[in-house]
Amino acid sequence: MGVPIDPHLLDDLEWRGLIAHSTDLDALREAFSEGSIKFYVGFDPTAPSLHMGHLVQILTARRLQNAGHTPYALVGGATGMIGDPKEAGERTLNTLDTVKDWVERVRGQIEPFLSFEGPNAATMVNNYDWTASLSTIDFLRDIGKHFPVNRMLARDVVKSRLEAGISYTEFSYVLLQSMDFLNLHRDYGVTLQFGGSDQWGNLTAGVELIRRADGGKAHAIATPLMTRADGTKYGKTEGGALWLDPELMSPYAFYQFWLNVEDEKIGELLRVFTFLAREEIEALEAQTAEKPFLRAGQKALAEHVTALVHGAEETERIKAASAALFGGGDLSALSTPTLAAALREAGAITVAPGLGIVDLLVESGLVKSKGDARRTISEGGAYLNNVRVEDPDLVPGEADLIGGSWLVLRRGKKSFTGIEVK
RNA sequence: GGCAGGUUGCCCGAGCGGCCAAUGGGAGCGGACUGUAAAUCCGUCGGAGUAUUCCUUCGCAGGUUCGAAUCCUGCACCUGCCA
């Protein structure tokens, strides 16, 4: 209906490595070519914020919308009450209030990435709306009848849990997600669902339910799980997940994460997490291969992803802060406003004069206890104004204050905290 | 309902009366090497204290003992086998 469709969408997704699994790709290609199709991707509120893994889905949704297709972004007000089974073990159930709160936060994080105007405007849906009032009898008869338990038991996640145990609640999760797809298919004509590759079982179950229940035809694609070069999960390095919420992870730390990505992953991450064109990405990859020490790929990646999530203005401030803090040894060469701005970006606290170095380290949050502070100092990992601290009894004085009031405390190579003394 | 086994630090997993804040691996943290990379090597890894010191910790609550993560009793939860 007048929406220009990008005919190269599927090729682009494949080139970016975004299709880890799929149902019949040729059929999907045909569906894409016939006009704006309606697709959905779901997000369960299992935490107060989405993280890097969800960002893959969000950006993929945007790619599809940019190509002319119509997004339905689903937040799992119902499925979030249940929790999908994961290998690690049974989840702890959250209260309805918690889930409702998280639903709103998650919704707010998704919305900026999609367009809610025009002929292929996005729609937000919440599966709580059609699940909460569903009767058990209807659910068991209309949905449950289509799910052979022998097939459900054969799924990898379930199999891996049979020893340790899995509740009926989590075992049933796949029915709810499949029902979502069925309902969106019926009510809106949604014909494609995508999600992370760990969702593949849930995705295909939905496709199958649509076929069994309605004789309908639907598609599913799964995006790959992002891992580090050694195959381990991301997010362990910075002591937690890579949150999109600036309250949970400062934009500065977010930017630093991308800047520190391994060389081998640059191409992959640029393809998945940026909207840069193929030629630009290939040029950056070549640069990274030839002159890795310039870190051109990392810089571009960090800049683009941070701008997508936290905005261009914030990204500029972060870049300036990073340049100041990592620029060289002599911090006093910077102007005080520049330094202060950089430190506020990286994280800063205010303290009264007279505190010793051990207390300052604890106050700054760089270490978690005084013992940790002493240990760090004895290991040579504590720096005041870029000079290694040797004496744990050191008390910074007037002469140490940069611009009359600032101290720069650093732990290790990368963790800075600004301290304003007044 | 019966029988058997289990519950240890962020995770996995030893310990089975004192030498245990508790072996080992992973993760984390620091150092060296580098490029704010990877790999590697070294160190570190409950809290307070600059000391051979104290406090809290081995599912929960009691008990035995000079002394327990280790033995006993009860409770909770998990797993397996049998009904």
Side-chain angles (χ1 to χ4, degrees), chain A residues 86-93 159-168 170 227-242 250 252-270 284-285 287-303 305-306 318-329 331 342 345-347 356-359 361-362 364-384 386-395 408-417:
Chain A
K86 50 176 186 176
E87 297 213 0
E90 193 76 13
R91 292 175 187 269
T92 309
L93 293 178
K159 256 195 285 185
S160 70
R161 288 280 299 278
L162 287 181
E163 273 287 296
I166 177 169
S167 67
Y168 185 73
E170 290 192 2
T227 58
R228 308 204 316 168
D230 61 8
T232 58
K233 284 185 185 171
Y234 276 109
K236 304 259 178 180
T237 38
E238 309 293 318
L242 201 75
S250 77
Y252 171 85
F254 185 85
Y255 176 89
Q256 287 290 324
F257 167 82
W258 296 100
L259 194 64
N260 281 304
V261 144
E262 305 112 297
D263 295 345
E264 305 92 285
K265 303 300 280 188
I266 278 298
E268 181 185 336
L269 294 173
L270 283 169
L284 285 166
E285 272 189 283
Q287 268 196 63
T288 300
E290 284 163 30
K291 297 183 175 177
F293 51 90
L294 292 181
R295 310 166 64 76
Q298 278 90 340
K299 285 176 183 165
L301 178 67
E303 181 172 347
V305 183
T306 308
I318 293 167
K319 280 171 67 182
S322 298
L325 294 175
F326 288 99
L331 291 166
E345 207 64 52
I357 189 71
V358 167
D359 289 317
L361 281 164
V362 174
S364 70
L366 289 171
V367 300
K368 56 181 196 259
S369 67
K370 291 185 180 183
D372 196 12
R374 291 180 196 287
R375 191 182 306 130
T376 300
I377 292 168
S378 69
E379 287 174 337
Y383 304 81
L384 178 66
N386 274 358
V387 177
R388 178 174 283 174
V389 175
E390 309 281 357
D391 175 14
D393 293 323
L394 174 72
V395 178
V408 179
L409 212 52
R410 171 157 66 93
R411 181 187 190 186
K413 276 183 275 192
K414 306 172 196 169
S415 306
F416 290 92
T417 297

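Labels below follow one simple rule: chain letters A, B, ... track the order of the sequence lines, proteins then strands, and each chain is numbered from 1.
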At 4.0 Å (heavy atoms only), tell me whether [X] reaches a base, stays on the sugar-phosphate, or touches nothing.
X: Tyr383(A); value: sugar-phosphate
X: Ser378(A); value: nothing
X: Arg388(A); value: sugar-phosphate
X: Thr376(A); value: nothing
X: Glu264(A); value: sugar-phosphate

Pairwise [atom1] distance, [M] and [N] [rounded to whole Å]:
N: G31(B); M: U36(B); atom1: P; answer: 13 Å
N: A22(B); M: A14(B); atom1: C1'; answer: 10 Å
N: A68(B); M: U79(B); atom1: P; answer: 33 Å
N: C45(B); M: G24(B); atom1: P; answer: 11 Å
N: U52(B); M: U57(B); atom1: C1'; answer: 23 Å
N: G43(B); M: A76(B); atom1: P; answer: 48 Å
N: A27(B); M: C33(B); atom1: C1'; answer: 23 Å
N: C75(B); M: C81(B); atom1: C1'; answer: 24 Å

Exam field: side chain Ser378(A) to backbone Arg375(A), donor-acceptor pair closer than 3.5 Å
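Here the side-chain-to-backbone pair exists.
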Without swapping roles, check the side chain of Arg410(A) against the backbone of Tyr383(A) for a donor-acceptor pair under 3.5 Å.
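Flag not set: sc Arg410(A) to bb Tyr383(A) has no pair under 3.5 Å.
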Looking only at heavy atoms, which two atoms of Lys86(A) and Glu170(A) are closest? And how far apart?
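Of all heavy-atom pairs spanning Lys86(A) and Glu170(A), the closest is N-OE1, 4.4 Å.
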Rounding to a whole Å, what distance do you find between [X]:[atom1] and [N]:[atom2]?
X: Arg411(A); N: G43(B); atom1: CZ; atom2: C1'; answer: 13 Å
X: Phe293(A); N: U36(B); atom1: CZ; atom2: P; answer: 11 Å
X: Arg374(A); N: C45(B); atom1: CZ; atom2: C1'; answer: 17 Å
X: Lys265(A); N: U36(B); atom1: NZ; atom2: P; answer: 22 Å
X: Arg295(A); N: U34(B); atom1: CZ; atom2: P; answer: 15 Å
X: Lys368(A); N: C45(B); atom1: NZ; atom2: C1'; answer: 7 Å
X: Glu390(A); N: U50(B); atom1: CD; atom2: P; answer: 19 Å
X: Ile266(A); N: A38(B); atom1: CD1; atom2: C1'; answer: 12 Å

What N/O pairs connect the protein and nucleotides 11-13 of chain B at under 3.5 Å? Give each pair on its own line.
none

Apply side chain to side chain donor-acceptor pair (under 3.5 Å) to [X] and list each qualifying residue two or more places apart in sequence or on a separate chain.
X: Glu345(A); result: none
X: Arg411(A); result: Thr376(A)
X: Arg295(A); result: none
X: Thr417(A); result: none

Assign a letter to each nucleotide of nucleotides 52-58 of chain B from its 5' end: B, base within under 4.0 Å of a protein heavy atom; S, sugar-phosphate only; -, no contact.
-------
Look at [X] and [N] and indicate whether a side-chain polar atom (N or O) is within less than 4.0 Å of OP1 or OP2.
X: Lys370(A); N: G47(B); result: no
X: Lys414(A); N: C29(B); result: no
X: Arg375(A); N: G30(B); result: no

Report yes if the side chains of Val305(A) and Phe254(A) come closer than 4.5 Å at any heavy-atom pair, otherwise no.
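Answer yes - side chains close enough.
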Compare the minimum distances between each of U36(B), A38(B), C33(B) and the side chain of Glu262(A), then state the nucleotide with the smallest one.
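The nucleotide sitting nearest to the side chain is A38(B).
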Determine whether Lys265(A) and Glu268(A) satisfy the following criterion, salt bridge (charged side-chain N to carboxylate O under 4.0 Å, His left out), listing intermediate values before the conclusion.
CA-CA 5 Å; Lys265(A) 303 300 280 188; Glu268(A) 181 185 336; 2.8 Å; yes
Residue whose closest nucleotide on RNA chain B lies nearer the 5' end, Val362(A) versus Gln298(A):
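Closer to the 5' end of RNA chain B: Gln298(A).
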If you assign each of Ser369(A) and Ser415(A) to its closest nucleotide in RNA chain B, which residue comes earlier from the 5' end?
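The residue closer to the strand's 5' end, by nearest nucleotide, is Ser415(A).
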Run the side chain to side chain contact (heavy atoms under 4.5 Å, CB included) test against [X] and tell me which residues pass, sequence neighbours left out.
X: Ser369(A); result: Asp372(A)
X: Glu285(A); result: Arg271(A), Ile281(A), Glu282(A)
X: Lys291(A); result: Phe293(A), Leu294(A)

With distance as the sole criterion, do the side chain of Lys299(A) and the base of U36(B) form a donor-acceptor contact below 3.5 Å?
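No pair found.
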Can you find an N or O donor on one side and an acceptor on the other, under 3.5 Å apart, linking the side chain of Glu379(A) with the base of U44(B)?
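Looking at the base of U44(B), it does not pair with any donor or acceptor on the side chain of Glu379(A) (distance under 3.5 Å).
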Bracket notation of RNA chain B in which parentheses pair within the strand, [ ] cross earlier pairs, and | pairs with another strand (Watson-Crick or G-U, under 3.5 Å):
((((((((.[[[..)..(.....]]].(((((.......))))).(((....)))...[[[[[..)....]]]]]))))))).
Partners passing salt bridge (charged side-chain N to carboxylate O under 4.0 Å, His left out) against Arg374(A) (at least two apart in sequence or in another chain):
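For Arg374(A) there are no salt bridge (charged side-chain N to carboxylate O under 4.0 Å, His left out) partners, ignoring immediate neighbours.
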Residues which pass ring pair (Phe, Tyr, Trp, His ring centres under 6.0 Å) with Tyr252(A), listed by chain and number, not counting sequence neighbours
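Result, ring pair (Phe, Tyr, Trp, His ring centres under 6.0 Å) vs Tyr252(A): none returned.
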